[in-house]
Amino acid sequence: MDVSELIDGLNEKQREAVAAPLSNMLVLAGAGSGKTRVLVHRIAWLMQVEHASAYSIFAVTFTNKAAKEMRTRVEETLRSPVGGMWIGTFHGLSHRILRAHHREAKLPEAFQILDSDDQVRMIRRLLKAMNIDEKKWPAKQIAWYISARKDEGQRPKDIQAYDVNEQLLLRVYTAYQDACDRAGLVDFAEILLRCYELLCQQPTLLRHYQQRFRHMLVDEFQDTNSIQYQWLKLLAGNENNMMIVGDDDQSIYGWRGAKVENIKRFLDDFSAQTIRLEQNYRSTAIILKASNALIQNNAERMGKSLWTEGDQGEPISIYAAFNELDESRFVVSKIRSWLNSGNALQDCAILYRNNAQSRVLEEALLQEGLKYRIYGGMRFFERQEIKDALAYLRLISNRQDDAAFERVINTPARGIGDKTLSHIRDCARNESMPLWYAAKAVLEQKHLAGRAATAIARFIELVEQLDDKITELELSEQAKTTIEGSGLMAMYQAEKGEKGRARVENLEELISACGQYELPIDEDFSSPLQGFLAYTSLESGEGQADEHEDAVQMMTLHSAKGLEFPLVFMVGVEEGMFPSQQSHEESGRLEEERRLCYVGMTRAMDKLYISHAESRRLYGQEKHHSPSRFLRELPEECIEEIRIKTQVSRPVNSGRFSASVTHAAFEDSGYNLGERVLHAKFGAGTVLNYEGSGAQSRIQVNFDDVGSKWLVTAYARLQSL
DNA sequence: TGTCGCCATATTTTT
DNA sequence: TATGGCGACA
């Protein structure tokens, strides 16, 4: 392969990064500046020019998707599959190390991963056992606390509890950790922390990995938390080279422990040089100008300004909607015209601050007959029926797994009630043994009523029989046998309605997913089932159907990071929504919101619409929000305001009056709402409410003829009356 | 064991 | 406003 291929077609800065001599390096990569390209080409460069072996390369990302993309693109660039190269997520790679050295990490061979939902359930059980009021101490909050501590690398012994509240949290943390350790379970944060501790405590092991991974690359570095930073630093040792790629302006995960400061820390700790990628290949000049202007209002920045050789493009349109319904209709009508001009639905995205905002939009899209796809939400492997099935498989492969035991002991219902169960739990606690063995013990002690005893005996027999039956089978047969043998399939088949049908389908899908699963040859799994179980926890089931259907893409601003769309709508850009109400309280949160806005804007390639509603129904109450401060931070020359202006025929305080409406989008024939409103001329409306005076007055008007319940809050320009 | 009604609750999410 | 969790009840 000709090496020049690797740097041809790159801009100067990209080339500088790709072809840099072996060293520590920060690539400060702005949105749309081709950072993945740089990473991929750098890997190829290391192999081709520096003659690095695939074996010596270690590349870390945050999501499976990013890891997968990187691997594919490296292989495409090198035109050959690369084995031996470690490309994966922080969790995936840590987990891999833990599997390989489970003994040293003091984990059972069949250790399993607890997802956030399992974690909360586990804590909920502990709280009950510890007699802690769940009302006062929600399990979710405690789970959050524990994960946060682990993200900081803190074990219970490292924590000083100064007040009673923290003492309680600490007690639960301790109990929780104890329970996990005994059951052979690790939560997500534990994977990282455990791996870090393992490497700290096993110098030989650490040296082995350090000597292997000569070339480390890290993506989205601004999202690393404390333990991830420590882990990387440990693996890097003194000799290895690390290239980190990130963008401080796109740091939007501070609230879950990400530390932007890690970038600066890296520069110090690794005496690295910085390369800035500022040329943008995605957006129009206007969008970039506005984004640059916005982000400049943040104080703590490394400094970066995006530019493009491309066109100016259209101004950013800002629509002031009456309310969220009007906002949705506006968005939908613009999408309709986009579609009518021969564009694809999937090239257009609606971005919002929180998930609840999607509802009104969905309804409007549905009404217009436009297909949409919502990102996020329940993932395949997180669904109830799937987790039930997996819990059986987990219990079969590890009898100590209390979380799995609790989940399936009475699913499907087999007459094991709370009483019997608490009996077992008590026994387990007193004897400090896993629930499974406690159940057996209780049975032997014959403390139970006949019926309960039979039920438990049957359950134990069931699991043991399944275990016997499936050991020799192929993975998908194992799943099938378990799902059917456990009675889960029958249970969900009996469930009425659409839901039940979908669940049965999902279970079947699970069986087929087992069939498609390939056990990674270079990882240390004792069986395909082990591998599959880990896979289901670490990879929550992306790549479901309908992904490629032509549909409007809907997602939160957070999940939009890394994506791009020709047409983008950002909705609900109002004070109190975005920036969100709660971001006013903590320091630094406002800047993070601004970065989020920056992320959103820079998703747009050609056209960006931003909308805000003057009134919005929120938690059952009508709320009035002013336009977001972020809008004021956009340069005037970059924006075009679309606003329905109401002119009232005569000053009124109440009663009927007539109003005429002018609309900036009048010329746009595709704008249904505008047309409708205009043609209706708002003949007569009833004033419902009147407040203030002068230019700031507001009237609330009901126009019966425009639609049933259409409530309009319009700014009356009294001076023009 | 399932259902009803009451109550609190109400960002952002990947692994 | 809607939703989900929980206790009470049949």
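Residue numbers start from 1 in every chain, and the chains themselves are labelled A, B, ... in the order their sequence lines are given, proteins ahead of strands.
For the pair A:Arg373 and A:Tyr375, the cation sits on the ring face: its NZ or CZ lies under 6.0 Å from the ring centre, inside 45° of the axis. The side-chain tip of A:Arg256 points at the ring of A:Tyr253 from less than 6.0 angstrom away and within 45° of straight on. In this structure, A:Arg407 fails the cation-pi test against A:Tyr392, since its NZ or CZ atom is not both closer than 6.0 Å to the six-membered ring centre and inside 45 degrees of the ring normal. Geometrically, A:Arg149 engages A:Tyr145 in a cation-pi contact, judged by NZ or CZ lying under 6.0 Å from the ring centre and within 45° of the ring axis.
For C:dG4 and B:dT11, the P atoms lie 13 Å apart once the distance is rounded to whole Å. For C:dG5 and B:dT12, the P atoms lie 16 Å apart once the distance is rounded to whole Å.
Distance CD1 (A:Ile191) to C1' (B:dT15): 7 Å, rounded to an integer number of Å. The separation between A:Lys561 atom NZ and B:dT11 atom P is 21 Å, rounded to whole Å. If you take CZ of A:Arg353 and C1' of B:dA10, they are 14 Å apart, rounded to a whole angstrom. For A:Leu421 and B:dT1, the CG to P distance is 11 Å, given to the nearest whole Å. Note: NE2 (A:His558) to P (B:dT14) measures 10 Å, nearest angstrom. The distance from atom CG of A:Asn355 to atom C1' of B:dT13 is 10 Å, rounded to the nearest whole Å. Counting to the nearest Å, the C1' atom of B:dT15 and the CZ atom of A:Arg96 are 17 Å from each other. Atom CG in A:Asp115 sits about 10 Å away from atom C1' in B:dT15, given to the nearest Å.
Within the 4.0 angstrom heavy-atom criterion, base atoms lie near A:Glu593. Within 4.0 Å (heavy atoms only), A:Thr556 reaches sugar-phosphate atoms of the nucleic acid but no base atom. Across all strands, A:Tyr253 comes closer than 4.0 Å only to sugar-phosphate atoms, never to a base (heavy-atom distances). Base contact: A:Arg589 has a heavy atom under 4.0 Å from a base atom. Using a 4.0 Å heavy-atom criterion, one finds that A:Ser537 contacts no nucleic acid atom at all. Nucleic acid contact for A:Gly376: none, since no nucleic acid atom lies under 4.0 Å from a heavy atom of the residue.
Contact annotation: A:Arg379 reaches the phosphate of B:dT14 (side-chain N/O to OP1 or OP2, under 4.0 Å). Within the structure, every side-chain polar atom (N or O) of A:Asn225 is placed at least 4.0 Å from both OP1 and OP2 of B:dT14. Note on A:Thr89: every side-chain N or O is 4.0 Å or more away from OP1 and OP2 of B:dT15. Put simply, A:Asn64 has no side-chain N or O that comes within less than 4.0 Å of OP1 or OP2 on B:dT14.
Both A:Ala356 and A:Ala189 lie close to DNA chain B; mapped to their nearest nucleotides by heavy-atom distance, the more 5′-ward contact belongs to A:Ala356. For A:Leu538 and A:Asn410, each mapped to the nucleotide of DNA chain B holding its nearest heavy atom, the one lying further toward the 5' end belongs to A:Asn410.
Between A:Tyr517 and A:Phe532, the angle of the ring planes goes over 60°, which puts this pair in the perpendicular group of the 30/60° scheme. Relative ring orientation between A:Trp255 and A:Trp144 is described as parallel, the plane-to-plane angle staying below 30° on a 0-90° scale split at 30° and 60°. Using cut-offs of 30° and 60° for the angle between ring planes, the A:Tyr535 and A:Phe381 rings count as perpendicular. A perpendicular orientation is assigned to the rings of A:Phe405 and A:Phe459, their planes being inclined by more than 60° (bins at 30° and 60°). Note on ring orientation: taking the six-membered ring where Trp is involved, the planes of A:Phe578 and A:Phe630 are perpendicular (angle over 60°, cut-offs 30° and 60°).
Of the candidate nucleotides B:dT15, B:dT13, B:dT1, B:dT13 has the atom lying nearest to any side-chain atom of A:Ser559.
Residue ring and base: A:Phe188 does not count as stacked with B:dT14 (centre distance below 5.5 Å and interplanar angle below 30° not both satisfied).
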(message) Strictly under 4.0 angstrom, non-hydrogen atoms only: write out the protein contact profile of nucleotides 1-10 of chain C, one letter per nucleotide from the 5' end, B, S or -.
(response) BSS-------
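In this structure, B:dT11 shows a glycosidic angle within 90 degrees of zero, which is the syn conformation.
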